[in-house]
Number of protein chains: 2
Amino acid sequence: MSHHVSCNDCSLSPICLPLAVAPAQLDQLDRIIHRGRPLKRGDHLFRAADGFDSVYAVRSGALKTYVVSDDGEEQVTGFYLPGEVLGMDGISTAHHVSNAKALETATVCEIPFSQLETLSQQIPSLQHHFFRLMSNEIRADRELHMLLGKKSAEDRVASLLLSLSARNQRRGLSDNIFRLPMSRYDIANYLGMAVETVSRIFTRFQQQNWLRVTGREIEILDRARLCGQNHDPALELTQ
Amino acid sequence: MSHHVSCNDCSLSPICLPLAVAPAQLDQLDRIIHRGRPLKRGDHLFRAADGFDSVYAVRSGALKTYVVSDDGEEQVTGFYLPGEVLGMDGISTAHHVSNAKALETATVCEIPFSQLETLSQQIPSLQHHFFRLMSNEIRADRELHMLLGKKSAEDRVASLLLSLSARNQRRGLSDNIFRLPMSRYDIANYLGMAVETVSRIFTRFQQQNWLRVTGREIEILDRARLCGQNHDPALELTQ
DNA sequence: CGGACATTTGATGAGAATCAAAGCTGGTGG
DNA sequence: CCACCAGCTTTGATTCTCATCAAATGTCCG
């Protein structure tokens, strides 16, 4: 029980699980949470086929999840930043179905799921919040489905950048200047494209002055264009 | 309260929500469920931006869900067959985020969500089952992510056929001969490809004797090949 | 029977993957 | 503290899968 920071002291509590729990009951939640030692870049938090016991909230750093197909291909399925919860895809199978790997030094809070279920029986708002969390994950997946099914490579990259931007803002950080925790490979894989294409798109965005890119440092210069993208036929004529 | 069939009498109960509820408590679940009048092909069960009140279990027929992007493009996000639950993506937003439309005459059971939450407080196995249902949806989305991100058009079509086959089997129907409830357009849209490509792939599968296709009637002739797909380089040489 | 829509087939083209190779970076150890 | 190396990133050339365009055919339903 080394790194004992209670939810009370955690700066993420307004956007993390405590959000759903009245101050009077926060201790109950706090008691079931384990704070692990930091993960180093490349360390696995869990692997597919590990028994499923817990979900995890990111406290610092960043992780990715990925699945591996029968023929050995990896598919990055998500990026997780501080305040976000991962591991929920294992609930239905008693074992994890994806792998979770630290993209950089990271700390997580472990939340044993059966205890969380018990606690949810006593705290309706916690049950509700957890349903919402999972629902949110499903909703995001629907949007991703649209992105992968219907959108161009440029749209996909823009969309990921805007998502990261919004999530930074949610944590009270700058939404215009931030650092990508993941490699171009991870971005490409997540978005279903080749690394080279991601790289070229960063270059193109930069030439158009929509973005300033220095390695993994990103500055968004023209959010409107990045949102709208170039699909508006009227727009194209005026350029 | 017209079409009153209780869960007790429903042939789907072994694969639907009642699966999670002890016989003694089934009445409680039964009482909160509304059985609506049948939907005709093309009718909407709900639309994005409708208030979210309920989730729905399919009793007969089939539905699709879809989202519409800012620029008006539709993306089919799922197909729902008897015994399956839809609408869970609306939990987190208080309104639905997708649209649900009947692909053919269909009946559904409406399950008011707040009552389901209350009941879940009393029946732990129901809470657990619902977590599992949502987790399952997330897991399926991860697999779809892989499909859209990494797999060829042929793989995608094969994979959808196998999924429908498995879901038919789960309902006690034939897993080799079944009818597609959706159009080629819906298949193409769901899988992120053009109608013409879907059509060509059906033709190709048929020429290889992996499949017999008559309109929407499907017969799977060579399941192994359909699963394995054509990634085996040795195989390609011999053809 | 007719018409709208669904499906199939063919020809062409575009976007992005792949192949190839040259910088760049950051972490490690001397 | 700096040099080195593996892995990351960029850029260019070529290829290929699949989208798009066009049009014929089929099918279901009123």
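Below, read A as the first sequence line, B as the second, and so on, with proteins coming before strands; counting in each chain starts at 1. Excluded from the calculations below are hydrogen atoms, water molecules and symmetry mates; all remaining heavy atoms, backbone and side chain alike, are included.
Remark: P of D/dG26 and CD of B/Glu217 are 19 Å apart, rounded to the nearest angstrom. When rounded to the nearest whole Å, the span between CE of B/Met193 and P of D/dC16 equals 20 Å. At whole-Å resolution of the value, CG in A/Asp186 and P in D/dG7 are 15 Å apart. Look at CD on B/Gln207: it is 11 Å from C1' on C/dT9, rounded to the nearest Å. One atom, OH of B/Tyr185, and another, P of C/dA4, lie 15 Å apart when rounded to the nearest Å. Taking atom CD1 of residue A/Ile201 and atom C1' of nucleotide D/dT9, one finds them 15 Å apart after rounding to whole Å. One can place CD1 of B/Ile187 at 12 Å from C1' of C/dA6, the figure rounded to the nearest angstrom. Rounded to whole angstrom, the span from the CD atom of A/Glu104 across to the P atom of C/dG26 amounts to 14 Å.
Residue-level contact check: A/Ala153 touches the backbone only, with heavy atoms under 4.0 Å from sugar-phosphate atoms and none from bases. Within the 4.0 angstrom heavy-atom criterion, only backbone atoms of the sugar-phosphate kind lie near A/Arg216; the bases stay farther away. Within the nucleic acid shown, B/Ser183 comes within 4.0 Å of sugar-phosphate atoms alone, with no base atom in reach, counting heavy atoms only.
Projected onto DNA chain D by closest heavy-atom contact, B/Gly192 and B/Arg41 fall at different nucleotides, the more 5' of which corresponds to B/Gly192.
When the nucleotides C/dT7, C/dT9, C/dA16 are ranked by their closest atom to the side chain of B/Thr203, C/dT9 comes out on top. Closest approach to the A/Ser199 side chain among C/dA17, D/dT10, D/dT20 is made by D/dT10 (side chain taken as heavy atoms from C-beta onward).
Look at B/Asp186 and B/Lys64 and you find a salt bridge, because one of the NZ, NE, NH1 or NH2 atoms lies within 4.0 Å of a carboxylate O, short of that distance. With respect to the salt-bridge test (charged N to carboxylate O, under 4.0 angstrom), the residues A/Arg41 and A/Glu104 do not qualify. Salt bridge B/Glu196/B/Arg200: absent, no basic N to carboxylate O contact under 4.0 Å. Residues A/Arg35 and A/Glu110 are not paired through a salt bridge, judged by the lack of any N-O separation under 4.0 Å between the basic side chain and the carboxylate.
Among pairs with a residue in residues 163-186 of chain A, none fulfils ring pair (Phe, Tyr, Trp, His ring centres under 6.0 Å), at least two apart in sequence or across chains.
At a cut-off of 3.5 angstrom, counting only N and O atoms as typed in the model, there is no donor on one side facing an acceptor on the other between the side-chain of B/Glu196 and the base of D/dC18. Taking only distance into account, the side chain of A/Arg200 meets the base of C/dT18 through a donor-acceptor pair shorter than 3.5 Å.
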